[in-house]
Amino acid sequence: MARRKKIYEGKAKILYEGPEPGTIVQYFKDDATAFNAQKKDVIEGKGVLNNRLSEFFMLGLNQIGVPTHFIRRLNMREQLVRSCEIIPLEVIVRNFAAGSLSKRLGIEEGTQLPRPIVEYCYKDDALGDPMVSEEHIAAFGWASQQDMDDVLSLALRVNDFMSGVMLAVGIKLVDFKIEIGRVYEGDFQRLVVADEISPDSCRLWDIETGRHLDKDVFRRDLGSLTDAYSEVARRLGVLPQAAPTKPTLIN
């Protein structure tokens, strides 16, 4: 088999040149990072779980008409996605106060917000992904006003879908972040949900107990990250109910 060309390696994924023009192979690593990579570890099985969960969410979004870059899952750790130009923003949607919002505004964690709040952070690890306003985005040309209208619409549609899916299995969607990419089809451009949607990029709390089922388990040393992610996968039917805590790793 010919050696694949690596395009990019991030904290949680590796991107390889895809088998067809305009495609990319997205490989999910077991690496876990927090606090802008100041805390690091390797969590066996995390990449497998995130690959399956991101597939589940992306397929669900595609089915309700929210465009994504997802094409299909290739194996336990890889998926084929459409190549796109990533807008250099993290788009954060918050339904309940938690994390940095609680610290910035002094709001107790778990407080329900009056409505979903959408925030934007400039994607730059060296700067710690600083929060920016639409005024910054327009001034520096990261996205047009039409793009931002579409980004907001996509973010809120993802929130509606994710909130409903999670509520149905007894999980509260506290907040999440997504990335948006531009796909070009001739002279036509459209925006799609890109990167991944997984417990790495969401805050998920059990509705009854408040148990964290997301990366805060790793950030705050609250137990086994694999157990938490496996619980989310089992509730959603991504893993069978009788599945072992750590999935068998098959590449």
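Owing to the predicted nature of the structure, the values given are computational and were not obtained by experimental measurement. All residue numbers refer to positions in the sequence shown, counting from 1.
A salt bridge does not link D129 to K123: none of the charged nitrogens lies less than 4.0 Å from a carboxylate oxygen. A salt bridge does not link R157 with D160: none of the charged nitrogens is closer than 4.0 Å to a carboxylate oxygen. Looking at E119 and R104, a side-chain N of the basic residue comes within less than 4.0 Å of a carboxylate O on the acidic one, giving a salt bridge. Salt bridge present: E78 and R4 bring a charged side-chain N and a carboxylate O closer than 4.0 Å. In summary, E44 and K29 do not engage in a salt bridge, as defined by a charged side-chain N under 4.0 Å from a carboxylate O. A salt bridge links R182 to D147: at least one charged side-chain nitrogen sits closer than 4.0 Å to a carboxylate oxygen. Comment: D200 engages K46 in a salt bridge, judged by a side-chain N to carboxylate O separation of less than 4.0 angstrom.
Surrounding CD of E208 are at most 12 heavy atoms belonging to other residues, nucleotides or ligands under 6.0 Å away.
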Take L53 and L236, measure what side chain to side chain contact (heavy atoms under 4.5 Å, CB included) needs, and give me the verdict at the end.
CA-CA 9 Å; L53 284 163; L236 293 171; 3.9 Å; yes

Run the side chain to side chain contact (heavy atoms under 4.5 Å, CB included) check on I207 and I171 step by step: do they pass?
CA-CA 5 Å; I207 287 175; I171 296 175; 5.6 Å; no

Go through it in stages, so that I can follow the logic: the residues are D216 and R203, the test is salt bridge (Lys or Arg N to Asp or Glu O under 4.0 Å), and I'd like the CA-CA distance, side-chain angles, deciding distance and then a yes or no.
CA-CA 7 Å; D216 275 348; R203 277 195 175 88; 2.8 Å; yes

Please walk me through it: do C121 and V132 pass side chain to side chain contact (heavy atoms under 4.5 Å, CB included)?
CA-CA 5 Å; C121 290; V132 294; 5.9 Å; no

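Tested against V232, the residues L213, V238, D206, L49 include a single side chain to side chain contact (heavy atoms under 4.5 Å, CB included) partner, L213. For the side chain to side chain contact (heavy atoms under 4.5 Å, CB included) test with C202, the passing option among I178, V93, D214, I197 is I197; the others fail.
Hydrophobic clustering (ILVMFWY, side-chain heavy atoms < 4.5 Å, transitive): M58 and L173 are in one cluster. Cluster annotation: V81 and Y16 are assigned to distinct hydrophobic clusters (Ile/Leu/Val/Met/Phe/Trp/Tyr, side-chain heavy-atom contacts under 4.5 Å, transitive). Follow the hydrophobic side-chain contacts under 4.5 Å out from I137 and you reach L156 in the same cluster.
There is a side-chain donor-acceptor pair under 3.5 Å between D150 and Q146. A donor-acceptor contact closer than 3.5 angstrom is absent between the side chains of R235 and S230. Donor-acceptor pairing under 3.5 Å is recorded for the side chains of E196 and S198.
Relative to the six-membered ring of Y27, K13 misses at least one condition, a distance below 6.0 Å or an angle of at most 45° to the axis.
Residues E109 and F96 are not in side-chain contact: their nearest non-hydrogen atoms beyond the backbone lie 4.5 Å or more apart.
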